2 protein chains.
Amino acid sequence: MLNAFPPDRVSVSERIRKAAIVLFSERGYHGTPVRALATTVNIEAGSLYYHIRSKQQILFDNFERTMDDVLEGLRRAVADATGPEARLRAAVRFHVLFHTSRQSEAFISHAELRALTGQNHRRIVLKRDRYERMFCELLSAGVDAGVFRIADVKLTNIAILTMCSGVADWFSGGGPLTPDQVAEHYETIVLRLVGYADAAG
Amino acid sequence: MLNAFPPDRVSVSERIRKAAIVLFSERGYHGTPVRALATTVNIEAGSLYYHIRSKQQILFDNFERTMDDVLEGLRRAVADATGPEARLRAAVRFHVLFHTSRQSEAFISHAELRALTGQNHRRIVLKRDRYERMFCELLSAGVDAGVFRIADVKLTNIAILTMCSGVADWFSGGGPLTPDQVAEHYETIVLRLVGYADAAG
DNA sequence: GTCTATAACTAGATAGAC
DNA sequence: GTCTATCTAGTTATAGAC
């Protein structure tokens, strides 16, 4: 049987990227020496710099990729759904599944935001704000349509987002629940907390 | 008018502790050199070690103090309340107010858990687990009494806790809402998401 | 109780051989 | 494309003068 991508065909750059995701999520950016990255990909520290510009650049590239993917993913998820309930469900489902399937990257994307410097930090914060606004508009739409009862939309939005992003903190693939089951529960929970009329759960 | 504690009566140890809370929350434990602590309290780096054992000890002491206070606070908060609804309300209220009034400490207590070493880490995780169990029992009590409808108590518990702890991430004293108002909103949100019958909000 | 000086080590990053 | 060697700077922590 053909295998188009045997393990040793994976580029060193890609292996560095993956190693950084694991190490940054486990020990934090400042807690991870570049030598630890080098050891993980079985090269010497000096050799890393043939592939990377700086440690900060690895972090920023990971942020940008993750933010772009989550923004695009949310856009697609809600585009397929009609009506405030279905659209919010789709958004929560997507958000939760993203935070289980790309758990470490998602985790880094809020835990290590402080570690981004200057312009890097500003650029990522802008993308995060865009994501929050997209989510917030789903709530407002439901309120305007009279199907959600929300006292403070911005507060409820951030409450929902921190709750759903928290999945990246505690989810375990070896745990009792599959990503799908977690997503299902969170859909119910979120619909309840926005006061959706038919949210029996 | 007498002032029993003029600013310069505050011990250096105490000023180091406070400085660490601010710096660790802003830059992270690994992102904060001990020299930054020294600068903040206007002494030289070497002088710090007359007051502290190690940087790690500062972090651990802060964790232990914060965890002890939050555990004791939760115990008192629910002790004053009767019935599942009132007890859960009191718990959420306390949790949110703790995360606004002692925002930086609370923030560190989940953001920097990874930075604790060996036995320090294990001891704090045990306390965190105790807190989670105390909270979880409030949910179970409501389910047993037939006033909460919860499909998965453990999942709902962690969803609530991550949501409420998230307040330490985004709350701003200069923002539009007072701590009391945030607590009020969160009480409503939580009662809704546990399916409390009378949770009109 | 704070200082200066420094030990002992680690950090991120570069240079040049191969 | 990876190596070794190294630079410069920064790290936590200690020692001994004052």
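Residue numbering restarts at 1 for every chain, and letters A, B, ... go by the order of the sequence lines. Note that the structure is a prediction, hence the values are computed from the model and not measured.
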Parallel, tilted or perpendicular: ring planes of Phe107(A) versus His110(A), cut at 30 and 60 degrees |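 Taking His110(A) first and then Phe107(A), their aromatic rings stand perpendicular (interplane angle over 60°).
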Evaluate the ring planes of His95(B) and Phe135(B), with Trp represented by its six-membered ring, and classify them as parallel (under 30°), tilted (30 to 60°) or perpendicular (over 60°).
->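 Correct class here is perpendicular.
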Does the [X] side chain pair with the main chain of [Y], one donor and one acceptor, at a distance under 3.5 Å?
X: Glu112(A); Y: Leu59(A); answer: no
X: Lys154(A); Y: Cys136(A); answer: no
X: Arg87(A); Y: Val78(A); answer: yes
X: Gln103(B); Y: Phe171(B); answer: yes

Please report, rounded to the nearest Å, how far the [atom2] atom of [N] is from the [atom1] atom of [X].
X: Lys55(A); N: dA13(C); atom1: NZ; atom2: P; result: 8 Å
X: Arg35(B); N: dT10(C); atom1: CZ; atom2: C1'; result: 13 Å
X: Gln57(A); N: dG12(C); atom1: CD; atom2: C1'; result: 15 Å
X: Glu44(A); N: dG12(C); atom1: CD; atom2: P; result: 15 Å
X: Ile43(A); N: dA13(C); atom1: CD1; atom2: P; result: 14 Å

Evaluate side chain to side chain contact (heavy atoms under 4.5 Å, CB included) for Glu64(B) paired with Lys127(B), printing each intermediate quantity in order.
-> CA-CA 9 Å; Glu64(B) 192 151 60; Lys127(B) 297 202 182 201; 3.6 Å; yes
Dot-bracket notation for DNA chain C is requested: 5' to 3', Watson-Crick or G-U wobble pairs only, both distances under 3.5 Å, with ( ), [ ], | and . as defined.
-> ||||||||||.|||||||
Who pairs with Arg122(B) by side-chain hydrogen bond (donor to acceptor under 3.5 Å, both in side chains), at least two apart in sequence or on another chain?
->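 Arg122(B): side-chain hydrogen bond (donor to acceptor under 3.5 Å, both in side chains) contacts with Gln119(B).
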If you pin Tyr49(A) and Ala45(B) to their nearest nucleotides in DNA chain C, which one's is more 5'?
-> Ala45(B)
Whichever of Arg53(B) and Tyr50(A) has its nearest DNA chain D nucleotide further upstream toward 5' = Tyr50(A)
Side-chain contact, heavy-atom cut-off 4.5 Å: Met163(A) with Leu193(A)?
->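 Side-chain contact under 4.5 Å: yes.
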Earliest and latest nucleotide of DNA chain D, 5' to 3', sitting under 4.0 Å from a non-hydrogen atom of chain B?
-> dT11(D) to dT14(D)
Select base, sugar-phosphate, or nothing to describe what Ser13(A) touches, counting heavy atoms under 4.0 Å on all strands.
->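 If one applies the 4.0 Å heavy-atom cut-off, Ser13(A) turns out to touch nothing in the nucleic acid.
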